[in-house]
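Contents: one structure, followed by commentary.
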Amino acid sequence: MSLRPSILDPLFAPATTLPGVGPKIAPLLDRLLGEPGRPARVMDLLFHIPTGGITREMKGSIADAPIGEPVTLAVTVVAHRPPPPGRRAPYRILVEDETGDVVLVFFNGHKARLEKLLPVGERRYVSGKIELWDTTRQMVHPDRILDERGIADLPPVEAIYGLTEGISSRMVGRYIGAALDKVPRLPEWQDAAWLERNALPDFGAALLALHKPGSAAQVSEEALAKSAQRRRLAYDELLASQLALALVRSRMRRLPGRVNAGDGHLVGKLKRALPFGLTGSQAQAIEDIRHDLVADKRMLRLLQGDVGSGKTVVGLLSMASAIEAGRQAALMAPTEILARQHFERIAPLARDVGLTIALLTGRDKGAERKAVLAGLADGSIQIIVGTHALFQEGVAFHDLGLAVVDEQHRFGVHQRLALGSKGEAVDILVMTATPIPRTLALTYFGDMDVSVLSEKPAGRKPIATKLISIERLDEVIGAMGRALENGDQVYWVCPLVGESETVDLAAAEERHEQLKSIFGDQVGLVHGKLAGKDKDAAMERFARGETKILVSTTVIEVGVDVPQATIMVIEHAERFGLAQLHQLRGRIGRGSRASTCLLVYKGPLGQTAQARLEMMRETEDGFRIAEEDLRLRGEGEVLGTRQSGLPGFKLARLEVDGELLSAARDDARLIVERDPELTSERGRALRVLLYLFERDSAIRLLRAG
Ligand code: ADP
Ligand code: MG
């Protein structure tokens with residue numbers, strides 16, 4: 001049962017509750033504003049932002065009225081010319097002023113109605129577009145026909161809306177007008193002083209000003225970006241999302257923590273066992289994490305580091321801290337391959353210092369799985385590495401203290417929470433290689449603490465990135481031959497065709513066959529349709545250098561680490577997102593040898609595609625690339641949220657509202673500090689806000705009341 005305050009009911013009601021929205025119109029509005037399984041609602045209309053505005057200015061005279069633009073004319077009705085009986089001709093009405101005349105044209109015109117609307121000899125105001133028919137001015141189906149009273153009520157400007165087939169902007173405007181009448185008086189959830197300081201209107205007034213602009217200029221795209229009314233609504237939306245995140249977080253923090261770090265003897269031993277020294281930012285991150293672990297509160301920290309920056313070792317040393325305190329640690333990866341790779345790298349180090357470690361994935365069955373589950377339950381296994389199989393039912397820990405989640409954005413929030421609930425006071429470290437622009441990090445992770453690995457391990461050589469047309473594929477293949485003679489290894493990523501996985505696969509298989517006919521058994525193939533075992537086997541052969549060229553679809557995208565691989569070929573690079581290209585390229589340049597990335601494209605390239613590929617050639621800075629990706633493609637694409645179904649924003653535009661977002665984050669934090677249960681007067685209004693923007697799942701975390 002929803003606990004939504006009933007004051008919001010008119011806004012959540014379906015659009016069909018509005019006058020004029022009948023069974024014909026409703027499906028059109030659903031298509032425009034609904035979601036699968038949810039019809040368009042009154043509030044969806046209200047949150048539908050105009051795309052511009054038109055002015056219905058009075059033009060001086062018929063003779064001067066511009067052709068093809070909306071005008072309003074003061075005219076006198078001269079004559080009605082109904083079609084001859086039985087003929088399917090339009091109904092015409094001649095009108096004039098001192099300077100000329102216009103024929104109003106009505107198809108299927110109803111005689112009695114038109115005679116009432118436009119009586120001969122009377123003065124009327126008509127608005128619409130004038131067209132020239134030969135030399136005759138005509139206006140087909142005027143938008144408006146008004147008498148003296150009507151013209152007095154006509155708004156000087158009308159907002160225009162994005163359209164869907166079968167529904168005009170005028171109609172959408174009319175339904176929005178009706179929706180505006182349904183907006184209840186809501187309690188103010190924003191800080192009054194803040195609103196005043198920023199000269200922002202209240203919620204209802206903002207909606208009204210947005211949809212009933214005072215001038216066309218007010219609803220231009222640039223003006224909307226800055227307009228007080230849109231910003232007020234955007235701030236509401238951002239505050240709702242930040243407040244929901246802050247509530248979840250404060251709830252987690254209020255749960256008692258435990259001291260999850262010991263005397264440092266294991267951490268010290270591990271550090272000495274590493275074949276390299278830590279970078280400055282690795283050392284700093286480990287320090288941050290240790291600080292959180294000892295504190296008597298829950299850790300929820302994001303470790304952000306570009307591909308190859310060495311996040312795994314930070315995770316490992318953190319796990320060692322938790323184990324020193326007598327607890328267990330889990331490392332969770334998004335795919336089998338990654339879980340196995342983590343396990344294989346970490347296990348020797350862990351065992352060196354006397355830790356027990358095991359692997360658990362969905363594929364493990366039978367006796368082995370049973371043994372692992374038993375070891376987790378009795379505490380004899382100290383570190384467990386695995387996939388999401390780790391937080392399924394039936395997996396019980398003796399005393400889980402730290403969960404490290406790799407490549408976070410592939411996990412949903414509830415998966416993260418499920419892992420947290422596998423033990424008492426579980427600290428959580430989330431590692432992500434997606435360099436998330438600051439604005440987005442705030443949006444999706446709220447005020448999670450963040451550590452950033454800003455430097456790459458010493459000795460890395462820059463990657464040379466080149467753009468090559470597919471027409472020069474022969475040259476690329478020739479270059480591969482020379483590279484193999486040099487002892488280099490090659491990742492060959494096949495086009496993302498996009499229509500279906502089968503098509504992608506066919507392309508990869510074809511390329512595999514072709515390369516095999518040239519280079520023989522040195523060529524391997526890996527793709528998403530392979531059984532897990534076979535996938536791992538193919539990866540392993542490549543990692544051991546048994547195969548030298550690994551042809552793949554994008555399954556190797558994340559995390560896989562083969563330092564001898566120094567060449568990456570990406571076919572149809574123009575079809576990938578920047579962030580994805582960056583991830584792929586991060587697979588090379590991990591050893592001490594120079595690396596090359598060949599972006600093979602199919603021309604001709606559009607301007608944006610060209611700019612994106614040039615960007616890849618120019619920089620290896622993941623944050624710069626991510627910011628650019630955000631600018632070029634919008635936020636949903638950058639995080640892959642379109643697919644994951646994370647809600648986007650309707651009113652806020654992250655490209656322009658970055659400042660509002662930071663303000664909302666600070667505001668949310670302060671609110672939760674002062675009024676954690678949202679019981680003050682403003683707190684109760686904020687509950688309404690959370691419901692309004694459908695972030696109310698956070699309310700369930702609050703105590704009743
Ligand atoms: P990512 O951040 O992409 O997960 P990894 O943890 O896989 O990166 O590390 C990439 C490679 O760098 C691994 O081979 C790892 O052993 C190595 N590495 C990590 N830290 C350092 C360091 N401080 N110095 C040298 N090599 C390092
Ligand atoms: Mg990694």
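Indexing begins at 1, ligand by ligand and atom by atom, following the structure's order.
Annotation for E614: atom CD counts as buried by contact number, over 12 foreign heavy atoms lying within 6.0 Å. Atom CD of E368 is surrounded by 12 or fewer heavy atoms from other residues, nucleotides or ligands within 6.0 Å. Annotation: H265, atom NE2; neighbour count of heavy atoms from other residues, nucleotides and ligands within 6.0 Å is above 12. Heavy-atom contacts from other residues, nucleotides or ligands closer than 6.0 Å to CG of D521 number 12 or fewer.
Residue-ligand proximity: P275 is placed with every non-hydrogen atom at 4.0 Å or more from ligand 1. Ligand 1 lies nowhere less than 4.0 angstrom from a heavy atom belonging to P563. Using 4.0 Å as the threshold, G305 has no heavy atom nearer than that to any atom of ligand 1.
The residue D406 has no part lying near ligand 1, judged by heavy-atom distances below 4.0 Å. When heavy-atom distances to ligand 1 are checked against a 4.0 Å cut-off, M431 has no atom that comes that close, whether in backbone or side chain.
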### Evaluation steps, side-chain contact (heavy atoms from CB on, under 4.5 Å), between K456 and E620
CA-CA 11 Å; K456 294 220 166 159; E620 275 187 67; 4.0 Å; yes
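In summary, the atoms of ligand 1 found under 4.0 Å from a heavy atom of T279, numbered by their order in the structure, are 23 (N). Listed by number with element, the atoms of ligand 1 under 4.0 Å from a non-hydrogen atom of G277 are 22 (C), 23 (N), 24 (N). Close approach of ligand 1 to T312 is summarised as follows: ligand atoms under 4.0 Å from at least one heavy atom of the residue are 4 (O), 5 (P), 6 (O), 7 (O). Of all the atoms in ligand 1, the ones that sit under 4.0 Å from a non-hydrogen atom of G308 are 1 (P), 2 (O), 3 (O), 8 (O). When each atom of ligand 1 is checked for a heavy atom of G310 under 4.0 Å away, the hits are 1 (P), 2 (O), 5 (P), 6 (O), 8 (O), 9 (O), 19 (C).
In summary, of the residues considered (L467, T465, V569), a side chain to side chain contact (heavy atoms under 4.5 Å, CB included) with L598 occurs for V569 alone. Tested against S451, the residues K311, Q282, E287, R301 include a single side-chain hydrogen bond (donor to acceptor under 3.5 Å, both in side chains) partner, R301.
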